[in-house]
Trainee: 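Mind having a look at this structure? Questions to follow.
Along the sequence shown, residues carry numbers from 1. Both ligands and their constituent atoms are indexed starting at 1 by order of listing.
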Amino acid sequence: MPFDSNMASLAPWLGIALALATTGAHAAKLDHAPYGTTKDGKQVEIYTLTNDHGVVVKFLSYGGIITEINAPDRQGQVADIVLGFRTLEEYETNSAKVYFGALIGRYANRIGQARFTLEGQEYKLAANNGPNSLHGGNVGFDKQVWQVEPLRMSDGVGATLSLTSPNGQEGFPGTLTVRATYTLTNDNALRITYEAQTDKDTVLNLTNHSYFNLAGNGSGTVEDQILTINADRFTPTDATLIPTGELTPVAGTPMDFRTATPIGARLRSSFQALVYAHGYDHNWVLNKPSPGALSFAARAYEPRSGRVLDCYTTEPGVQVYTSNFLDGSLVGSAGRTYRQTDAFTLETQHFPDSPNKPQFPTTELKAGQTFRSETVFRFATDSPFPQVNP
Ligand code: GLA
């Protein structure tokens, strides 16, 4: 149930704090404060979610960007485990390259040749990634200021971010209303739910583009972090990363993460898919008990800190990307440059280019229907969840 949003409007410059629970050492709370002004003059706020155990998630109204996730290691030492920047200006300047932490839409990932046909009509999109459309085009959801409404939940603290994308924006049909809800639960999970409705049939693929490094943002490569992906198959692509349409078994290939394997173990293999993508940047076809079920997608484990990240989703796929395009030219929020393999993403999603691949699970949203999806990132350690050190 939304908390009284008038309260928030009464105190926009002061920030607010809601004490929601006092069972742990840290009372769950939600704060917000001014963060900056966009180049075109829009005010942006930063929101801080803190749960009973002292796990902290920060996000911006700009792009719904998750700027920090502070999670303890097995000793209770907290580190920020996502890549980010220090200023709004850096997010605005670089989002088109890296999409750190952002909500992605209308269509996360690629649409081949930047066009698709829906009910006999062809729609043309901006080709912003070679010949293809990537992550919603030139001004995707990652570059828009969302309206944020704090929420009081029985199991944690959260906020709903919403926006309306006008008919024809970035070439997509239909007026689309989107709501994404971030909830930090008291069992140490960040739950992201998405809802969308359109007034005209359209296509849609929503995700969050956080880059994780479980040893800490800016600490170097994730090659020794250990990944499990609950997928027997992946979607191979052409050289521009558009799926061929096949679902190929991972067995016997460097794409096989069905048992826990260091990310770097096979990263430099000459396997064609890895050569095309300069590393991992692929969609895995998740094994699911039934289509749309919230089920286990992936686990990452960092042996030195003991941090564990589990990902569950209702989506049929996950894009794992080993930050192949980070080239040392960007300085991140930890004051250090980011390079290839300094992070991995778990972009839960429908498959790339689904609007042009009738054999893939559909990304069509019909007028009057409601799209719903859910992804959960659960933070843990390899020993009982520790008391967070202040
Ligand atoms: C996704 C894509 C990558 C890259 C990043 C952003 O993960 O699949 O190819 O575009 O986003 O840099």
Trainee: Below 4.0 Å, non-hydrogen atoms only: which portion of K97 touches ligand 1? Side chain, backbone, both or neither.
Mentor: backbone

Trainee: Do N205 and T363 pair up side chain to side chain, a donor and an acceptor below 3.5 Å, judged on atom types alone?
Mentor: no

Trainee: Considering only heavy atoms from C-beta outward, does the side chain of R74 approach that of D382 to under 4.5 Å?
Mentor: yes

Trainee: With heavy atoms only and a cut-off of under 4.0 Å, state how Y211 meets ligand 1: side chain, backbone, both or neither.
Mentor: side chain

Trainee: Does any N/O atom on E347 come nearer than 3.5 Å to any N/O atom on ligand 1?
Mentor: yes

Trainee: Decide whether an N or O pair under 3.5 Å exists between N129 and ligand 1.
Mentor: no

Trainee: Assess whether a salt bridge exists between E119 and K200, defined as any Lys/Arg side-chain N lying under 4.0 Å from an Asp/Glu carboxylate O.
Mentor: no

Trainee: What atoms in ligand 1 come closer than 4.0 Å to a heavy atom of Y99?
Mentor: 6 (C)

Trainee: Which of the atoms in ligand 1, numbered in the order shown and given with their element, are less than 4.0 Å from a heavy-atom of R110?
Mentor: 2 (C), 3 (C), 8 (O), 9 (O), 10 (O)

Trainee: Salt bridge check: are E374 and R372 linked by an N-O gap of less than 4.0 Å?
Mentor: no

Trainee: Quick one: does T345 get within less than 4.0 Å of ligand 1, heavy atoms only?
Mentor: no

Trainee: Give me the nearest non-hydrogen protein atom to atom 10 (O) of ligand 1 as residue plus atom name, then the distance to 0.1 Å.
Mentor: L134 CD2, 3.3 Å

Trainee: Do the numbers put R299 on top of the ring of F257, so that NZ or CZ is under 6.0 Å from the six-membered ring centre and no more than 45° off the axis?
Mentor: no

Trainee: Can a donor-acceptor pair be found between the side chains of D281 and Y276 at a distance below 3.5 Å?
Mentor: no

Trainee: Determine whether the side chain, the backbone, both or neither of N324 has a heavy atom under 4.0 Å from any heavy atom of ligand 1.
Mentor: neither

Trainee: Quick check: N109 and ligand 1, any N/O pair under 3.5 Å apart?
Mentor: no

Trainee: May I ask you to decide whether E149 forms a salt bridge with R179, counting only side-chain N to carboxylate O separations under 4.0 Å?
Mentor: no

Trainee: If you measure from the Lys or Arg side-chain nitrogens to the Asp or Glu carboxylate oxygens, is any gap between D342 and R336 under 4.0 Å?
Mentor: no

Trainee: For ligand 1, which atoms sit closer than 4.0 Å to a heavy atom of D281?
Mentor: 2 (C), 3 (C), 7 (O), 8 (O), 9 (O)

